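Only one structure is covered here, and it is reproduced in the block below.
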Amino acid sequence: MPGSSGQQGEKLPRAFYLRDARTVARELLGKELVRESPEGSASGIIVETEAYLGVPDRASHAFGGKRSRRTAVMYEAGGRAYVYLIYGMYWCLNVTCREEETPECVLIRALQPFTGVELMARRRHAEGKRPAVLANGPGKLCRALRIDGALYGEDLRGDVLYILDRPLPEDAEIAASPRVNIGYAGEAVHHEWRYFLKGNPCVSR
DNA sequence: GACCGGATTGGC
DNA sequence: CCAATCCGGTCC
């Protein structure tokens, strides 16, 4: 489905999201995340993601079936934004996956700035810096695209925050590694559920 | 370049 | 009390 029937430049279909978070995480690489706002439009190519497998995953906010105001959107059908605050000051964007009551999601960790690059630089107070550094981390990309709690639960098929189908470049190579900063998560630490485009200068860390 | 601490707030 | 982070400082 994704890749096969997908149309370049179209919003990803609902069905794209209703799948295993690892599949969605891999297939989101190369897609274009777009943010429309009164200040203008800005977007980036997704170059790094992490899959969070919900109830059985110690690193997931929904581990053990945990429900709260924060995790609620993960229990809805996939294709929405799960936005949360971390370390008291940075926002992180996740894309929810799977059907209702299956709280899997994908953390978007890094973007290659694509359109509205100057707007992104202004929001990051990083005017004049290399574009590669504007959104190479989950907190940075949220700041660059002005993604915050106001976008919690936003439908990714709407007109505010959405993801466009794009083909992966011919030479793109997908690599996997353990997820970042989840040292507390016991056995889950070892799973290689972080995906990124090998050699891309916008991948974090 | 590597390493370290501080910022800052909601969730369990 | 700690967290799915970032930035600016220091000291190589």
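Both backbone and side-chain heavy atoms feed into the values below; hydrogens, waters and symmetry mates do not. Order of the sequence lines sets the chain letters (A, B, ...), proteins ahead of strands, with each chain counted from 1. On a predicted model such as this, the values are computed, not experimentally measured, just so you know.
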Begin from the C-alpha positions of D171(A) and K198(A) and carry the test salt bridge (charged side-chain N to carboxylate O under 4.0 Å, His left out) through to its verdict. CA-CA 10 Å; D171(A) 56 349; K198(A) 200 171 173 181; over 6 Å; no
Verify salt bridge (charged side-chain N to carboxylate O under 4.0 Å, His left out) between D20(A) and R22(A), making sure each step is shown before the conclusion. CA-CA 5 Å; D20(A) 176 88; R22(A) 287 165 294 190; 3.2 Å; yes
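Counting only distance, with no hydrogens or angles, the side chain of Y152(A) and the backbone of V73(A) share a donor-acceptor pair below 3.5 Å.
Under a cut-off of 6.0 angstrom, the local environment of CD in E118(A) is sparse, with at most 12 non-hydrogen atoms contributed by other residues, nucleotides or ligands. Under a cut-off of 6.0 angstrom, the local environment of CZ in R58(A) is sparse, with at most 12 non-hydrogen atoms contributed by other residues, nucleotides or ligands.
Taking R194(A) as the reference, E48(A), E50(A), R109(A), S177(A), R179(A), V180(A), F196(A), V203(A), S204(A), R205(A) meet the side-chain contact (heavy atoms from CB on, under 4.5 Å) condition, with sequence neighbours excluded.
Comment: R67(A) engages E101(A) in a salt bridge, judged by a side-chain N to carboxylate O separation of less than 4.0 angstrom. Contact check on E39(A) versus R122(A) returns no salt bridge, with no Lys/Arg side-chain nitrogen under 4.0 Å from an Asp/Glu carboxylate oxygen. Under the 4.0 Å criterion applied to side-chain N and carboxylate O atoms, D155(A) and K11(A) are not assigned as salt-bridge partners.
For dG10(B) and dC7(C), the C1' atoms lie 22 Å apart once the distance is rounded to whole Å. Going from the P atom of dA4(C) to that of dC3(B) covers 22 Å, rounded to whole Å.
Near-neighbour residues of DNA chain B inside residues 128-154 of chain A, defined by a heavy atom below 4.0 Å, are absent. Near DNA chain B, meaning a heavy atom under 4.0 Å away, the residues from residues 66-88 of chain A are K66(A), S68(A), R70(A), L85(A), Y87(A), G88(A). Only N94(A), L107(A), R109(A), listed by number, bring a heavy atom of residues 94-110 of chain A to less than 4.0 angstrom from any atom of DNA chain C.
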For DNA chain B, what string of dots and brackets results from 5' to 3' when Watson-Crick and G-U pairs need both distances under 3.5 Å, crossing pairs get [ ], and pairs with another strand get |? |||||||.|||.
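Annotation: cation-pi geometry satisfied between R19(A) and F16(A) (NZ/CZ under 6.0 angstrom from ring centroid, within 45° of ring axis).
At a cut-off of 3.5 Å, with distance as the only test, a side-chain donor of E36(A) or Y162(A) sits close to an acceptor on the other residue. Looking only at atom types and distance, the side chain of Y52(A) has no donor-acceptor partner in the side chain of H61(A) under 3.5 Å away.
Residues K31(A) and I45(A) fail the side-chain proximity criterion, which asks for heavy atoms closer than 4.5 Å.
Of all heavy-atom pairs spanning V83(A) and W91(A), the tightest one is CG1-CE3, 3.7 Å. When all heavy atoms of S41(A) and L119(A) are compared, the pair lying nearest together is O-CD2, 4.1 Å.
Boundaries of the chain A contact region on DNA chain C are dA3(C) to dC7(C), first to last in 5' to 3' order (nucleotide atom under 4.0 Å from a heavy atom).
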